Amino acid sequence: MNHLVIQGADVLSPVGWIPDATVVIEEGRVSRINPISSPPGLPTIRTQGLQMLPGIVDIHGDAFERMICPRPGVSLPLSLAIAENDRSLLAAGITTFFYSITDSFEPGLRSRAMARQLIQYLQADGVPIQVDSRIHIRHEQANTADFSELCDWIDQKKIQLVSLNDHLPESLDEQALSRYANGIRKRVQLSDDDLKALVTWAAKQRDAGAEQVETLVERSHTAGVPVASHDDDSEEKVAISARRQVAIAEFPSRVDLAAKSQEYGASVLMGSPNLVRGGSHVGFMSVKEAIQGRVLDCLCSDYHYPSLFYAPFLIEQMKLMPFEEAWKLVSEYPARAAQIQQQKGAIAPGLDADFLLVKPSPVGDPAHGLPAAIAAVFIKGKEVARYDG
């Protein structure tokens, strides 16, 4: 199984760069780095002039939704959509991916029925995907139907991460209702009356949903499934997350709230498109502010996969932190937050041999506007993608 030697690349290890290194891979895992002598008979790949970076660990990404439903009310077969998504992940250097599946009261793309289909498809034998794929359920508090099924998924280890969401507006006045309905219209085709009826019904489920969430948190902890909060925008919400022993704080709104999340032990996760765009699309704190405030632990793709590969280079260009530390925001630290650091996140003995071979661009002459180009992607020691140019 996947025995080979990578020789000559500059390797980004947990303690920094190892120039012109030799990495021995056995049974899909990194066995040794710079051994006195390489084991005889193993295939050797010469990689002089390339960098060897840990594969990206993306613990929150939902861009696959647009591949399933490219237009409101238009759905494509899962087999086609997931195959396309897998190729997009590899092209962005993502080797471990948590499918962030929304478990909502909405019909269609974000419904329980779609969540069920995705889980069944992704966990079936023989699915033709290369990326190490896991399930992240984004549970909407107002979705109270078939709660036992959700609990069963956790007990049966079908879910590897749970985040607690409540995207309903605090008030159902016309302005708030219209803004929220416009978001739903991007995914499903419903009349104005049907949308209003759906949101009004969902709002009535909030209290019952809050009780279910407490049970969900307890079941998740018992099963060893990490729990994430989502969009904490007040000290009250942070305190609730602390009581729930949340492991990951997704997209807190302010630096001070992110700091409080770290104080109780959560890893702060933000989206790489926030950095690439220059700020949050919903008016929350920017990634730049979070780094400057020392409250950022991990980056994710959120809704745009290529941004995650680009982000560490941009962080270095902006002189926010050295590249060696910035790359940990997309590899080592997300793996730790999702509690898979014993398998993923670094090029180190005993861990899965998930890595990228990257061709750096000459200073001042970035390839196609980017600071580096991916030459090849390896997962568990197997080359799964190669790119020319």
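Predicted model only: the values in this text are computed from it and were never measured.
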With a cut-off of 6.0 Å (strictly less than), are more than 12 heavy atoms of other residues, nucleotides or ligands near [atom1] of [X]?
X    : atom1 : value
K237 : NZ    : yes
R110 : CZ    : yes
R294 : CZ    : no
Q156 : CD    : yes
Q117 : CD    : yes
E218 : CD    : no
R386 : CZ    : no
D207 : CG    : no

Does some side-chain heavy atom of [Y] sit less than 4.5 Å from a side-chain heavy atom of [X]?
X    : Y    : answer
Q292 : L320 : yes
V199 : L168 : yes
V246 : Y264 : yes
L78  : I68  : yes
I137 : I119 : yes
Y310 : L275 : no
I315 : I291 : yes
I45  : L4   : yes

Can a side-chain donor-acceptor contact be found between [Y] and [X] if the only test is distance below 3.5 angstrom?
X    : Y    : value
S88  : N85  : no
S163 : H136 : yes
N143 : S104 : no

Is there a donor-acceptor contact under 3.5 Å from the side chain of [X] to the main chain of [Y]?
X    : Y    : answer
D297 : S267 : no
E236 : D233 : no
W327 : L53  : no
Q205 : W201 : yes
D62  : H60  : no
R277 : G279 : yes
N274 : M285 : yes
Q141 : R206 : yes
D231 : P252 : no
D132 : T95  : no

Give the minimum heavy-atom separation between [X] and [Y], together with the two atoms involved.
X    : Y    : result
S241 : D232 : OG-OD2, 2.8 Å
D302 : G271 : CB-CA, 4.1 Å
A247 : P226 : CB-CB, 4.3 Å

For this session: Run the numbers on Y303 and H281 for ring pair (Phe, Tyr, Trp, His ring centres under 6.0 Å), then give the verdict.
Result: CA-CA 11 Å; Y303 53 85; H281 69 286; 5.5 Å; yes
Problem set entry | Residue of the set I94, V358, L90, L357 for which side-chain contact (heavy atoms from CB on, under 4.5 Å) holds with V377 |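 Checked I94, V358, L90, L357 against V377; only one passes side-chain contact (heavy atoms from CB on, under 4.5 Å): L90.
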Exercise. In this structure, which one of I248, I56, L269, V57 forms a side-chain contact (heavy atoms from CB on, under 4.5 Å) with C300?
Worked result: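 Answer after filtering I248, I56, L269, V57: L269.
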For this session: Applying side chain to side chain contact (heavy atoms under 4.5 Å, CB included), run through H230 and L164 and close with a yes or a no.
Result: CA-CA 6 Å; H230 189 80; L164 311 173; 6.0 Å; no
Exercise. Among pairs that include at least one residue of residues 140-149, which meet salt bridge (charged side-chain N to carboxylate O under 4.0 Å, His left out), considering only residues two or more places apart or in two chains?
Worked result: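 Counting only pairs at least two positions apart or across chains, the salt bridge (charged side-chain N to carboxylate O under 4.0 Å, His left out) contacts touching residues 140-149 are R112-E149, R116-E149.
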Would you call [X]-[Y] a salt bridge at under 4.0 Å N-O?
X    : Y    : result
R138 : D103 : no
R187 : E65  : no
R244 : E214 : yes

Exercise. Listed by chain and number, what are the ring-ring contact (aromatic ring centres under 6.0 Å, His included) partners of F378, not counting sequence neighbours?
Worked result: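 Only F355 meet the ring-ring contact (aromatic ring centres under 6.0 Å, His included) criterion with F378.
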Co-membership, hydrophobic cluster, residues [X] and [Y], 4.5 Å side-chain:
X    : Y    : answer
L42  : I347 : no
V268 : I240 : no
V225 : F98  : no
L190 : F105 : yes

[atom2] on [Y] to [atom1] on [X], rounded to 0.5 Å:
X    : Y    : atom1 : atom2 : result
F147 : Q212 : CZ    : CD    : 5.0 Å
L109 : R66  : CG    : CZ    : 10.5 Å
L76  : E84  : CG    : CD    : 8.0 Å
H3   : R29  : NE2   : CZ    : 12.0 Å

For this session: Check step by step if side chain to side chain contact (heavy atoms under 4.5 Å, CB included) holds for L216 and I154.
Result: CA-CA 9 Å; L216 186 63; I154 291 173; 3.2 Å; yes
For this session: Evaluate the criterion side chain to side chain contact (heavy atoms under 4.5 Å, CB included) for residue pair V23 and V30; output intermediate values, then yes/no.
Result: CA-CA 7 Å; V23 180; V30 175; 4.0 Å; yes
Problem set entry | Trace of the side chain to side chain contact (heavy atoms under 4.5 Å, CB included) decision for T96 with V131 | CA-CA 6 Å; T96 301; V131 174; 5.7 Å; no
For this session: Mind running ring pair (Phe, Tyr, Trp, His ring centres under 6.0 Å) on Y305 and F309 for me, showing each step along the way?
Result: CA-CA 8 Å; Y305 301 143; F309 174 77; over 10 Å; no
Exercise. For the residue pair Y99 and F97, does the interplanar ring angle fall in the parallel (under 30°), tilted (30 to 60°) or perpendicular (over 60°) class?
Worked result: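 Perpendicular: the ring planes of Y99 and F97 meet at over 60°.
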For this session: Apply the salt bridge (Lys or Arg N to Asp or Glu O under 4.0 Å) test between D354 and each candidate in K380, K382, K344; give the one that qualifies.
Result: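 It is K344, the one option of K380, K382, K344 that forms the salt bridge (Lys or Arg N to Asp or Glu O under 4.0 Å) with D354.
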Exercise. Step by step, would you call F251 with F284 a ring pair (Phe, Tyr, Trp, His ring centres under 6.0 Å)?
Worked result: CA-CA 8 Å; F251 321 120; F284 282 8; 8.7 Å; no
